[in-house]
Amino acid sequence: MPEGPSIILLKEAIQSFKGKKIVKAEGYAKIDFSVFSNKKIKEIKTWGKHLLICFDDFFVRVHLLMFGSYRINERKETNPKLSLQFSKGELNFYAGEVKLSKEDPDEIYDWSADIMNDHWDAKKAIKKLEEQSSQFICDSLLDQQIFSGVGNIIKSEALFRAKLHPKNKVGKIPPKAMRLLLRETKKYSFDFLEWKREGKLKKHWLAYSKKVCPRCDLPIHKEITGKAKRRSFFCNNCQVLFK
DNA sequence: GTGAATGTTAACAG
DNA sequence: CCTGTTAACATTCA
């Protein structure tokens with residue numbers, strides 16, 4: 001159940017398969033598994049929550065969605081959606097979504113939209129945000145074309161850290177506050193990465209799943225917000241709502 | 001046992 | 001056609 005940083009950890013964990021040849025591929029994904037036979041993994045990339053395992057003339061995209069999981073060199077009880085087996089070792093994905101593509105990832109993915117990518121571009125994000133000024137900021141943060149990799153945890157934590165209420169209309173947020181939000185979103189995403197790596201992600205939550213605001217001790221509210229209808233955790237006292 | 005959850009998209013209704 | 005709602009996917013945990 002991943003957001004962008006968790007997919008970075010996945011990528012790191014399977015780097016050792018780069019350059020390795022697939023001897024067998026199987027699973028219940030509705031794809032042609034024969035395309036993998038004897039193919040060497042050329043590169044492993046990520047775009048937000050997408051994991052891309054790239055070969056010479058195609059790639060396979062794994063998206064874990066809400067319930068996906070994986071095992072490296074071991075198996076779960078259940079059938080894998082995709083199992084890639086090497087002469088030494090194997091990589092198994094469960095649930096989620098698996099798709100093949102013959103396109104060039106550079107052609108179809110905008111790396112500057114991926115919050116975890118070095119090429120993520122705050123100026124472009126601002127520009128895209130200006131085009132959706134009547135939308136709630138809680139929805140914009142989940143917009144994968146602007147903040148690819150941001151999920152519901154990063155959304156609530158970034159808004160809390162930037163002291164912005166999730167139900168702010170994008171157009172009502174002053175430029176300075178918006179720039180702070182973008183900085184906090186990126187910063188928290190990378191903190192998420194390190195805290196998750198150390199197994200201390202939950203320990204650092206300030207708003208997400210919390211009952212009491214760590215800043216003012218008033219209640220943290222839990223509410224389904226925006227057109228995405230995802231829950232947001234926020235403090236009405238500490239997070240500004242611009243009118 | 002029940003319900004909700006770190007997500008997305010296709011199908012459907014109006 | 002556009003917009004909004006619902007279902008589906010399939011797993012884990014409180």
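By convention in this document, chain letters (A, B, ...) are assigned in the order of the sequence lines, proteins followed by strands, and residues within each chain are numbered from 1.
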Ignoring backbone atoms, test whether [X] places a side-chain nitrogen or oxygen under 4.0 Å from the OP1 or OP2 oxygen of [N].
X        : N     : value
A:Lys99  : B:dT8 : no
A:His63  : B:dG7 : no
A:Arg231 : B:dA4 : no

Of the candidate nucleotides [options], which contains the atom at the shortest distance from the side chain of [X]?
X        : options               : answer
A:Tyr28  : C:dA10, B:dA5, C:dT12 : C:dA10
A:Asn152 : B:dT6, C:dT11, B:dA5  : B:dT6
A:Lys229 : C:dT11, B:dT6, C:dT5  : C:dT5
A:Lys81  : C:dT11, C:dA10, B:dA5 : C:dA10

- Query: So is A:Arg215 actually on top of A:Phe160's ring, under 6.0 Å and inside 45° of the axis?
  - Reply: yes
- Task: Identify whether NZ of Lys or CZ of Arg in A:Lys76 sits under 6.0 Å from the centre of the six-membered ring of A:Tyr94 and within 45° of that ring's axis.
- Result: yes
In whole Å, what is the span from the [atom1] atom of [X] to the [atom2] atom of [N]?
X        : N      : atom1 : atom2 : result
A:Leu201 : B:dT6  : CG    : C1'   : 9 Å
A:Asn92  : C:dT11 : CG    : C1'   : 16 Å
A:Leu51  : B:dG7  : CG    : C1'   : 16 Å
A:Phe67  : B:dG3  : CZ    : P     : 15 Å
A:Arg230 : B:dT8  : CZ    : C1'   : 9 Å
A:Glu77  : C:dT12 : CD    : P     : 11 Å
A:Met66  : B:dT9  : CE    : C1'   : 13 Å
A:Trp195 : B:dT6  : CH2   : C1'   : 16 Å

- Message: Under 3.5 Å for both donor-acceptor distances, Watson-Crick or wobble: does B:dA10 have a partner, and if so which one?
- Response: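 B:dA10 is paired, partner C:dT6.
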- Item | Distance, P atom - from B:dA4 to C:dT6, rounded to whole angstrom |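 15 Å, rounded to whole Å.
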- Could you verify whether a donor N or O on one side chain and an acceptor N or O on the other, from A:His165 and A:Asn236, lie under 3.5 Å apart? yes
- Task: Decide whether A:Asn168 and A:Gln239 meet the rule of one side-chain donor and one side-chain acceptor closer than 3.5 Å.
- Result: no
- Query: Pick the nucleotide of DNA chain C nearest each of A:Gly96 and A:Lys202; which residue has the one closer to the 5' end?
  - Reply: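 This one resolves to A:Gly96.
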- When the nearest nucleotide of DNA chain C is assigned to A:Thr78 and to A:Lys227 on a heavy-atom basis, which residue is associated with the more 5' position? A:Lys227
- Using a cut-off of 4.0 Å on non-hydrogen atoms, how would the nucleic acid contact of A:Lys49 be classed: base, sugar-phosphate, or nothing? sugar-phosphate
- Quick one: label A:Tyr94 by what it contacts on the DNA or RNA (base, sugar-phosphate, nothing), any heavy atom closer than 4.0 Å. nothing
- Task: Compute the ring centroids of A:Phe58 and A:Phe36, then answer whether they are less than 6.0 Å apart.
- Result: yes
- Item | A:Tyr109 and A:His50 aromatic centres sub-6.0 Å | yes
